[in-house]
Amino acid sequence: MAADPTNNRRRMLAGELYWAFTPDLNADRAHSKVACGRYNQAWAAGAPRRKLVELWNDIVGDKNPLPPPANPEDEDRVLSAYPYVDAPIKLDYGIYCKFGPQVYINSNATFLDTCTISIGARTLIGPNCSFYAATHPTDPFLRNGLSGPESGKPITVGEDCWFGGSVVVCPGVTIGRGVTVGAGSVVTKDVEDFVVVAGNPARVIKRLDVREQLERERVNKGKGEES
């Protein structure tokens, strides 16, 4: 089915039914596939951190210049705002993934960024984790294999989270700050701040008392604003 490219992409990012196999979207996914392949090969060959960051920025469409090169022992600090990513990695589009500073992604992670996937600062992602912002109609006649429309819902992950290995995050989920997700969990619903969840579907198994830490953070932030 012919679709206006601009409106079709708008529908995709808005979580509405859209057509995935249009020339422009095919081209974007093809670029991400090639860019991820370059990153994976460079990582396996032991490329330096700066080269990996350059290749990563090509995947996610970050065109901002990197900080000037530093002494080898200082490069990690200079480039600490960029994610540390162990290969192999797969991002469907890449340009709709947003990562905060000091994010770590272990090997075999998958990001299906039909809609925006946002990962907060200092979040740690274990091996074999998958973030699915893409979905399909449950009506098989509407779904219609490769000939029917698709849709998606955004995924938002707060700061300071930790995902154990083989976690799956489903479309439309928002995960709060400081959440730990147990290995093998499937997160199907929103998760509140500062809890531990586990299981399929993931459920809260522990709530963290972080009142002192949050008050200390608030005071320190106030001092920084006054200085």
Side-chain angles (χ1 to χ4, degrees), residues 13-15 36 53 56 59-60 62 76 79-135 151-222 224:
L13 294 172
C36 288
V53 171
W56 175 257
I59 296 172
V60 299
D62 185 349
D76 281 349
L79 299 173
S80 63
Y82 300 92
Y84 284 79
V85 184
D86 287 348
I89 185 81
K90 182 189 186 308
L91 293 81
D92 214 12
Y93 292 93
I95 54 176
Y96 302 123
C97 288
K98 312 298 178 186
F99 298 88
Q102 299 186 44
V103 167
Y104 173 69
I105 304 170
N106 211 317
S107 57
N108 288 311
T110 298
F111 296 86
L112 301 187
D113 53 332
T114 292
C115 291
T116 301
I117 299 176
S118 299
I119 307 295
R122 299 174 300 279
T123 288
L124 309 177
I125 297 173
N128 305 306
C129 287
S130 300
F131 297 79
Y132 299 149
T135 188
S151 63
K153 296 179 181 179
I155 292 172
T156 302
V157 175
E159 298 178 342
D160 302 302
C161 292
W162 172 30
F163 294 82
S166 301
V167 169
V168 173
V169 180
C170 293
V173 166
T174 295
I175 296 174
R177 182 182 178 190
V179 172
T180 297
V181 184
S185 297
V186 179
V187 187
T188 61
K189 296 181 180 179
D190 292 354
V191 179
E192 63 192 276
D193 294 347
F194 300 112
V195 295
V196 179
V197 299
N200 181 6
R203 294 182 174 85
V204 175
I205 59 174
K206 182 178 181 180
R207 286 183 167 83
L208 307 179
D209 185 353
V210 294
R211 288 173 293 182
E212 289 185 10
Q213 294 93 322
L214 290 176
E215 177 60 19
R216 191 180 309 119
E217 181 180 77
R218 184 190 67 81
V219 171
N220 291 338
K221 182 178 180 181

(message) For Gly199 versus Ser185, what's the shortest heavy-atom pair and its separation?
(response) N-OG, 3.0 Å
(message) One pair to check against side chain to side chain contact (heavy atoms under 4.5 Å, CB included): Glu159 and Thr123. What are the steps and the verdict?
(response) CA-CA 6 Å; Glu159 298 178 342; Thr123 288; 5.5 Å; no
(request) Evaluate the side-chain proximity of Val168 to Tyr132: yes if any heavy-atom separation is below 4.5 Å, no if none is. (result) yes
Can you give the donor-acceptor pairs under 3.5 Å from side chains of residues 108-117 to other protein atoms, not counting sequence neighbours?
unit_1: Asn108; atom_1: ND2; unit_2: Asn128; atom_2: OD1; d: 3.4
unit_1: Asp113; atom_1: OD1; unit_2: Asp92; atom_2: N; d: 3.4
unit_1: Asp113; atom_1: OD1; unit_2: Tyr93; atom_2: N; d: 2.7
unit_1: Asp113; atom_1: OD1; unit_2: Gly94; atom_2: N; d: 3.4
unit_1: Asp113; atom_1: OD2; unit_2: Gly94; atom_2: N; d: 2.7
unit_1: Asp113; atom_1: OD2; unit_2: Tyr96; atom_2: N; d: 3.2

(message) Just verifying a value: how many Å separate Ile105 CD1 and Ile119 CD1, rounded to the nearest 0.5 Å?
(response) 7.0 Å
(request) Taking the side chain as every heavy atom from C-beta outward, state whether Val187 and Cys170 have any pair of such atoms under 4.5 Å apart. (result) no
(request) Considering non-hydrogen atoms only, spot the tightest contact between Ile205 and Ala198 and give its length. (result) CD1-CB, 4.0 Å
(message) Any salt bridge linking Glu217 with Arg177? Criterion: basic side-chain nitrogen under 4.0 Å from a carboxylate oxygen.
(response) yes
(message) So does Asp86 get a backbone contact from the side chain of Ser107, meaning a donor-acceptor N/O pair under 3.5 Å?
(response) no
(message) For Ile155 versus Gly172, what's the shortest heavy-atom pair and its separation?
(response) CG1-N, 4.2 Å
(request) Measure the spacing between CD of Glu215 and CD of Glu212 and express it to the nearest 0.5 Å. (result) 10.0 Å
(message) Is the distance between the ring centroids of Phe163 and Tyr104 under 6.0 Å?
(response) no
(request) Hey, could you give me the CD/OG1 distance between Glu192 and Thr174, rounded to the nearest 0.5 Å? (result) 13.5 Å
(request) Mind checking the SG-CG spacing from Cys36 to Leu91? Nearest 0.5 Å is all I need. (result) 5.0 Å
(request) Measure the spacing between CG of Leu124 and CG of Asp160 and express it to the nearest 0.5 Å. (result) 8.5 Å
(message) If you define the side chain from C-beta out and look only at heavy atoms, does anything of Val167 sit under 4.5 Å from Ser130?
(response) no
(message) Just so I know, are the side chains of Val173 and Thr188 near enough to count as touching, which here means a heavy-atom distance under 4.5 Å?
(response) no
(request) Mind running side chain to side chain contact (heavy atoms under 4.5 Å, CB included) on Ile175 and Cys161 for me, showing each step along the way? (result) CA-CA 8 Å; Ile175 296 174; Cys161 292; 4.1 Å; yes
(message) If you compare all heavy atoms of Val103 against all heavy atoms of Gly100, which two are closest, and at what distance to 0.1 Å?
(response) CG2-O, 3.1 Å
(message) For Tyr84 and Phe99: C-alpha separation, side-chain torsions, deciding distance, then whether ring pair (Phe, Tyr, Trp, His ring centres under 6.0 Å) applies.
(response) CA-CA 11 Å; Tyr84 284 79; Phe99 298 88; over 10 Å; no
(message) Heavy-atom count check: over 12 atoms from other residues, nucleotides or ligands less than 6.0 Å from Lys90 NZ?
(response) yes
(message) A side-chain contact here means heavy atoms from C-beta on lying under 4.5 Å apart; do Arg211 and Asp209 qualify?
(response) yes
(request) Taking all non-hydrogen atoms of both residues into account, name the closest pair between Val179 and Phe194 and its distance. (result) CG2-N, 4.1 Å
(request) Show the numbers, then the answer: is there a side chain to side chain contact (heavy atoms under 4.5 Å, CB included) between Val195 and Leu208? (result) CA-CA 6 Å; Val195 295; Leu208 307 179; over 6 Å; no
